[in-house]
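Keep in mind that this is a model prediction, so the values were computed, not measured.
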Amino acid sequence: MFVPRPYREPEGSWMADLVQGNPLALLVTNGTEVSGPFATHLPVIPDPAAGEVPDGLAGATLLGHMNRANPHWTALEAAEEAAGDGEPPTALLTFTGPHAYVSPTVYDITPAAPTWNFTSVHVRGTVERIEAGADTLEVVKATVRAFEGRFGAGWDMTDSIPYFRRILPGVGAFRFTVTAADGMFKLSQEQAPHIRERVRESFGRRECARHRATAALMERLERLS
């Protein structure tokens, strides 16, 4: 991902925060000349057994899962076999954070041009399929714990474990080892301070949660200045 200097990660924890706060990722892997690349939206969490997510994300271990009926799963299996020597195939995970359109009316200057403030993290690494069974069940349970704790209402999965086991043959879990990551945090850094403040205030007044989240990130960035 091309990241101009003003939009690079402003502080070491920003990429890790975005990945954990916006866990619906897009997994992208190479395909054949006929099929082209594969891309699947899926939930991803840090491996709870790996400890804290490191700043910069390199070396982090992420867990995800998809439907085994998805041709992408078969493509991962074929990529593993083609690589040989136990080498897992490489892949890309992309995460999208808060974003919002910036109208030139906010600037109150002429000339001006519209733009889009957005935040994103691209994570490169290797993906290793986890065989169906107890390990896959642990990935599902860890995902429930992570999402209920962060986004849910404390749902107790205990009574649903037998149901998890019944659907497990259709679940394809994988382990993603991060080798490198890039973060894009485009939050009006190229504008004068008073213009940035106008943009932030306009976002903060909107009812849309996405706009307000972008405004909160702009405020967090301003505190670092």
P89: partners by side chain to side chain contact (heavy atoms under 4.5 Å, CB included), with sequence neighbours left out: A79, E80, V127
Is a side-chain N or O of E148 found less than 3.5 angstrom from the main chain of G154, in a donor-acceptor match? yes
Lys NZ or Arg CZ of R220 over W14 ring: under 6.0 Å, within 45°: yes
Hydrophobic cluster membership, with links at side-chain heavy-atom distances under 4.5 Å among I/L/V/M/F/W/Y: are V121 and V53 in one? yes
For V3 versus G183, what's the shortest heavy-atom pair and its separation? CG1-O, 3.4 Å
Answer with yes or no whether the side chains of N70 and T40 bring together a donor and an acceptor at under 3.5 Å. yes
Could you list the residues that satisfy ring-ring contact (aromatic ring centres under 6.0 Å, His included) with F203, not counting sequence neighbours? H211
On a heavy-atom basis, the closest approach of H41 and L24 is C-CD1, 4.3 Å
Is a salt bridge present between R198 and E201, judged by a nitrogen-to-oxygen distance below 4.0 Å? no
Using the side chain to side chain contact (heavy atoms under 4.5 Å, CB included) rule, pick out the option among T177, V139, T61, L62 that qualifies with D47. T61
Whether the side chain of Q189 engages the backbone of Y7 through a donor-acceptor N/O pair (distance < 3.5 Å, no angle test) should be reported. no
I'd like to check the ring-ring contact (aromatic ring centres under 6.0 Å, His included) partners of H72; sequence neighbours left out, ordered by chain and number. F38
Do you know which two heavy atoms are closest between Y107 and V102, and how far apart they sit? OH-CG1, 3.5 Å
Between A25 and V44 the two heavy atoms that sit nearest each other are CB-CG2, 3.9 Å
Work out which heavy atom in Y101 is nearest to a heavy atom in P114; give both atom names and the distance. OH-CB, 3.2 Å
Taking a hydrophobic cluster as the set of Ile, Leu, Val, Met, Phe, Trp and Tyr residues connected by side-chain heavy atoms closer than 4.5 Å, whether directly or through intermediates, do F174 and I45 fall within one such cluster? no
For the pair R124 and D182, evaluate salt bridge (Lys or Arg N to Asp or Glu O under 4.0 Å) and give the outcome as yes or no after the intermediate values. CA-CA 9 Å; R124 295 180 298 282; D182 297 305; 2.8 Å; yes
Which heavy atom in T179 sits nearest to a heavy atom in G125, and how many Å separate them? OG1-CA, 3.5 Å
Given 3.5 Å as the limit, does a donor-acceptor pair link the side chain of K186 with the main chain of W116, or not? yes
